[in-house]
Amino acid sequence: MLNSSSALGLGAETRGKAFRWLLDTAVLLAVIAGGSLLLDRNPVGWIATNPSPFLLVPALIGGRYGVLAGLTAGLAATLPLIFRSQYEILETLTVWTYTLVSMPLSGLVCGEIHRLVTRNMRRDQLELRHARLRLRALDQQIHLLTEVKDELDRELALTNSDIATLDFEIRRVLQAPPDRFNESLLGLVTRKGKLEEAAIYHLQADGTWKRTAVQGTSDSWPEVLDPSSSVVAAAALKSGIMATLPGIWKPSIPLPPSEPLLVCPLGAEFSPNGLLLVRSMPFHSFNRRTLRTLEVICRWVSEFTALEQRKDGLFDQRGRLAPEDFKQMVNLACLAEKELRISSSVILMHSGNSRPVSAEALFSSVRGAMRVGDVVMTTDSPHPCLLLLLPLTGRRGAEICVARFRDFATDPTRGSLILTGDILT
């Protein structure tokens, strides 16, 4: 609703605008009349000139101020023509009807043009103002989204930074010399779990558990361990999986001060021959993610150790596996995917040559390009194929491995075998 002050303001604005166009009309009439008087003193020339210069008055005023101003200016422009004519008024109106009518008509037309242009300009200005407001809001949203994206990028970069190179570090442990194997494994789990006091024990031929690696003060770990004296170690040996102190503790069970926080079995799944004991680690590291990382590392290394023991130390870490062993390794890859969201890849390799190729030839064509830790299985089919498991390796890494296998197989020194690889997972 308009109040009295706003109504007074609008009235004053309207009066001021009317005064302006009346003043402009008078000034234009005076200028044109003076110019016409100087250029042509003949009274007939004012009205007989075609087109009459007085048409500028309604055209300019109507185009500047609108329909009413243009119509009024057109009527005002006819007065000097009528009174300056040598004829009588009625005769002038009869003889010069077209010229006199064209004056207010031109003001009317120019006023309509002014109103159309003004309306379009107001609409465009309104749309431009709305567009500016929307653009400002979008700029603010883009700024917020940019900050959120940067924060998410930082979070994602830090989320998996601790396990980004886990596959490479596990392969380094597998490649370690036998006399440094346990130290390498303990060093890896120490880094991933930020362990302060930990030790690895292995079952000896005489049935004792001897310490083979230690982290922290060696005096706090006995040379020979009695698993039955530790509730957590006994639970780990019985279940074959990692056992933690919070998971098995009960108020009725008295625990010695030296009881480990967690114990993870090493070796075969149902007959472990090694134990990883952790007694001290930061409180913030004792969480589900860290424990699952340690379990995945121990299980992966244990499987390769178990394979080597079953084959009397003749197991080639880049050799072919039996279907049941390959299935067990795939299960471990699924465990890593489930617990740590680390993807593994399975590749199906087969020959692209026109002649039949044996499974042995296929394996020989890729064996030299396989990494330590990659495992392969041959399929029983009319056309032999290879199934390769790339542990803890995503699709991008699998694509790189497939390209390396192809380049390795097409080397003329190895028979130029054409390989086709399909990434199954």
Side-chain angles (χ1 to χ4, degrees), residues 163 166-193 195 198-205 209-215 225 227 232-244 260 262-278 290-319 321-322 324-340 342 344 371-375 377 389-393:
I163 57 175
L166 190 58
D167 59 331
F168 172 74
E169 293 183 278
I170 290 178
R171 286 197 297 272
R172 286 185 60 183
V173 173
L174 297 177
Q175 290 177 294
D179 57 337
R180 297 286 301 169
F181 181 82
N182 294 311
E183 287 81 357
S184 299
L185 175 58
L186 185 59
L188 175 57
V189 296
T190 298
R191 291 193 303 273
K192 296 304 178 183
L195 309 182
I200 293 180
Y201 288 85
H202 275 91
L203 182 62
Q204 305 300 313
W209 292 83
K210 185 178 180 181
R211 189 183 69 191
T212 55
V214 64
Q215 166 65 27
L225 175 70
V232 183
L237 286 174
K238 182 178 179 180
S239 63
I241 59 176
M242 177 185 290
T244 62
L262 64 93
V263 177
C264 186
L266 303 173
E269 184 175 4
F270 299 105
S271 57
N273 64 347
L275 291 175
L276 167 66
L277 286 80
V278 178
T290 302
L291 297 182
R292 292 298 175 261
T293 301
L294 300 182
E295 185 177 13
V296 167
I297 294 173
C298 292
R299 291 309 310 154
W300 208 271
V301 174
S302 296
E303 283 300 322
F304 276 89
T305 305
L307 287 173
E308 187 174 11
Q309 290 174 352
R310 286 203 301 270
K311 298 189 177 182
D312 299 327
L314 300 177
F315 168 66
D316 186 351
Q317 294 179 342
R318 293 182 295 184
L321 295 183
E324 59 274 11
D325 294 331
F326 188 85
K327 182 179 179 180
Q328 179 64 21
M329 303 303 290
V330 172
N331 290 336
L332 282 178
C334 295
L335 175 65
E337 169 71 21
K338 177 182 178 181
E339 299 294 345
L340 301 178
I342 304 179
S344 297
R371 305 169 303 178
V372 171
D374 297 342
V375 292
M377 180 191 77
L389 172 63
L390 308 181
L392 313 180
T393 302

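The figures that follow rest on heavy atoms only: side chains count, while hydrogens, waters and symmetry mates do not. The structure displayed is predicted, hence computed values, not measured ones.
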| said: If I take atom CE from residue Met329 and atom CZ from residue Arg299, how far apart are they, to the nearest 0.5 angstrom? | reply: 10.0 Å
| Pair Arg292 + Glu295, salt bridge at N-O below 4.0 Å | yes
| task | Please answer whether the main-chain N or O of Pro391 pairs with a side-chain N or O of Thr393 as donor and acceptor at a distance below 3.5 Å. | result | yes
| request: Give the minimum heavy-atom separation between Gly373 and Leu174, together with the two atoms involved. | output: CA-CD1, 4.1 Å
| Got a donor-acceptor contact below 3.5 angstrom from the Thr212 side chain to the Ile200 backbone? | yes
| query | If you look at every heavy atom in Val173 and Ser184, which pair is closest and at what distance? | reply | CG2-O, 3.8 Å
| request: Report the C-alpha distance between Leu277 and Leu225 in whole Å, list the side-chain angles of each, state the deciding distance to 0.1 Å, and finish with yes or no for side chain to side chain contact (heavy atoms under 4.5 Å, CB included). | output: CA-CA 11 Å; Leu277 286 80; Leu225 175 70; 4.0 Å; yes
| Closest heavy-atom pair and its distance - Pro227, Leu237 | CB-CD1, 3.5 Å
| query | Please walk me through it: do Leu185 and Leu266 pass side chain to side chain contact (heavy atoms under 4.5 Å, CB included)? | reply | CA-CA 11 Å; Leu185 175 58; Leu266 303 173; 4.1 Å; yes
| Closest approach of Ala235 to Ala243 (non-hydrogen atoms, all atoms of both residues) | CB-CB, 4.1 Å
| query | Hey, what do you get for CZ (Arg191) to CG (Leu186), rounding to the nearest 0.5 Å? | reply | 10.0 Å
| request: Determine, stepwise, if the pair Arg371 / Leu390 fulfils side chain to side chain contact (heavy atoms under 4.5 Å, CB included). | output: CA-CA 9 Å; Arg371 305 169 303 178; Leu390 308 181; 3.6 Å; yes
| request: Measure the CD-CG distance between Gln215 and Leu195 for me, rounded to the nearest 0.5 Å. | output: 7.5 Å
| message | How long is the straight-line distance from CD1 of Ile297 back to OG1 of Thr293, given to the nearest 0.5 Å? | response | 6.5 Å
| Separation between CG of Asn331 and CD of Glu303, rounded to the nearest 0.5 Å | 9.0 Å
| Spatial distance of atom CG (Leu275) from atom CG (Leu203) [nearest 0.5 Å] | 9.0 Å
| query | For the residue pair Gly267 and Asn273, what are the closest heavy atoms and their distance? | reply | CA-OD1, 3.5 Å
| field | Minimum heavy-atom distance Leu294-Lys192, with the two atoms named | value | CD2-CB, 4.4 Å
